[in-house]
There are 2 protein chains.
Amino acid sequence: MPSRQPKRKDAIQTRTALLAAATESFARSGYEATNVRQVCARAGASLGAVRHYFGSKEALYREVLVLAHQELVDRQPVPQILPEDDPCDALQQWVCYLLRIFLIRRASHPYAGRLIAWELRDPTPALDQLIAKVLGPVRRALDQIVAELLGEADEPKLRAQCANFVHGICVFHDQNRELLQRFGHPVPSSEKDIVALADTITEFALAGIERFRISHNTKRSGKLNNG
Amino acid sequence: MPSRQPKRKDAIQTRTALLAAATESFARSGYEATNVRQVCARAGASLGAVRHYFGSKEALYREVLVLAHQELVDRQPVPQILPEDDPCDALQQWVCYLLRIFLIRRASHPYAGRLIAWELRDPTPALDQLIAKVLGPVRRALDQIVAELLGEADEPKLRAQCANFVHGICVFHDQNRELLQRFGHPVPSSEKDIVALADTITEFALAGIERFRISHNTKRSGKLNNG
DNA sequence: CATTAAATAATACAAATGTTTGACTTTTTC
DNA sequence: GAAAAAGTCAAACATTTGTATTATTTAATG
């Protein structure tokens, strides 16, 4: 018995290796397409280990999701808008934040963005928890920024719609990679390109939102802006 | 033998029934989640029939896709922009067109929209064909409209980005139903609501695109608009 | 050192599912 | 009307894959 792994000593290491391999696989291929046997193989563990430490594939997935979320929230806090902040800057920050989460493809990048993307594509029971902990706060931050930008024109439905538009533009670049690729517009993945895209999106969105503010004013006090 | 189906006479009917059941299932559940046995059951046919007429599940899927596309293109031609058209109206038409394809949920509505949505989500080898026949022309129409709207500011990259933004806003409402639902913003599905959403999107996008035209002008000829 | 519990690995189990086979029936064709 | 082709169906096959079982090994504990 030349290469026999120590047992009790590196137990935590086996668990950790399983989590790492599972995270990578779930992030890359999603829940359904992830194969427990492959995860075990890459972790150097056996099926019994998964059962022992987590109980089932779904439990393993939940564990992966929770850990990735924690890491994400710790490393990249949601940009909050402060009363003294310029809402235009805030919007740029928000767009940049979302694009980074979903678009950056460095190996060192946390897997939470990819896991969330899968969860949005194929919701599992874990989606609600995800919304409560991550997506909800992120979205509320956007709603607040949009409300600020709309000013007097702010109103629940319009605010939600504008936020949807910004939100939609951002996630489109992640959710439609294949399409964009084939249209000859590959999705940026480097920090620099992402910031540039964020700037363009922000400019576009600011103009769009402003339009509603203006049309609101003209409605209330006559055609102030059109001569 | 009380209820024995006629054979050769209604052969086409068996094939048709299979196609109908398969179309419904692929549109509702996607390729992977569609069960050939269930399709056969609902079509009143057996597994052998699928093998006989199509050869395999994948071949059946391709057949479904082709037929749905043909129907879509026949029934709802892509809105083309003419030289004398107002590009603002054209944009509204385009947005409305895309929203209708993806959002309308009437039983009578053709299945192509749902099938395309699945194909975008989980690309199969059929995606290329789909792009060539349907998505490509649709997108090129948008590019043309955007180019028109950008005027002198038109330039390949900016044009593609603006088109992406419009495109993204539209498909977001389809691809993120679950999320929007839980955020309290259910996606419209009636003709009336869809048109209203299209109007809002159009107004938003027009302002965004116009911003780039303006900033282009100011770059070329000084700050004409700011004082 | 013996007992116990944790840890691991090999194997078996069960269900889902696309595919294939072979027999049987109906229709066409000469 | 007999042979051939087309159509249909039930059952079998093969694979994948999550889960469960069992035995074995290791480490802690008294």
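In what follows, every chain begins at residue 1, and chains take the letters A, B, ... in the order their sequences are listed.
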Phosphate contact ([N] OP1 or OP2) by [X] side-chain N/O below 4.0 Å:
| X | N | value |
| --- | --- | --- |
| B/Arg37 | C/dT17 | no |
| B/Arg51 | C/dT19 | no |
| B/Tyr53 | D/dT8 | yes |
| A/Thr14 | C/dT8 | yes |

Distance, rounded to the nearest Å, where [X] contributes [atom1] and [N] contributes [atom2]:
| X | N | atom1 | atom2 | result |
| --- | --- | --- | --- | --- |
| B/Tyr61 | C/dG18 | OH | C1' | 17 Å |
| B/Glu58 | C/dT17 | CD | C1' | 15 Å |
| B/Phe54 | C/dT19 | CZ | P | 13 Å |
| B/Leu47 | C/dT17 | CG | C1' | 9 Å |
| A/Glu32 | D/dT17 | CD | C1' | 11 Å |
| A/Gln13 | D/dT26 | CD | P | 16 Å |
| A/Lys57 | D/dG18 | NZ | C1' | 8 Å |

Tell me if a side-chain donor or acceptor on [X] pairs with a main-chain N or O of [Y] at a distance below 3.5 Å.
| X | Y | value |
| --- | --- | --- |
| A/Trp94 | A/His167 | no |
| B/Arg121 | A/Arg121 | yes |
| B/Thr34 | B/Ser25 | yes |

Listed nucleotide nearest any side-chain atom of [X], set [options]:
| X | options | answer |
| --- | --- | --- |
| A/His52 | D/dG7, D/dG18, C/dA7 | C/dA7 |
| B/Ala45 | D/dC9, C/dT19, C/dT17 | D/dC9 |
| B/Ser46 | D/dT19, D/dT8, C/dT19 | D/dT8 |

Next on the checklist: If you assign A/Gln38 and A/Gly55 each to the DNA chain D nucleotide with the nearest heavy atom, which residue ends up on the more 5' nucleotide?
Outcome noted: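 Nearest-nucleotide comparison on DNA chain D picks A/Gln38.
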Checklist entry - So B/Tyr31 and B/Tyr61, would you call those rings parallel, tilted or perpendicular, with 30° and 60° as cut-offs? => result perpendicular
Item to check | Ring centres under 6.0 angstrom apart (B/Phe102, B/His173) | outcome: no
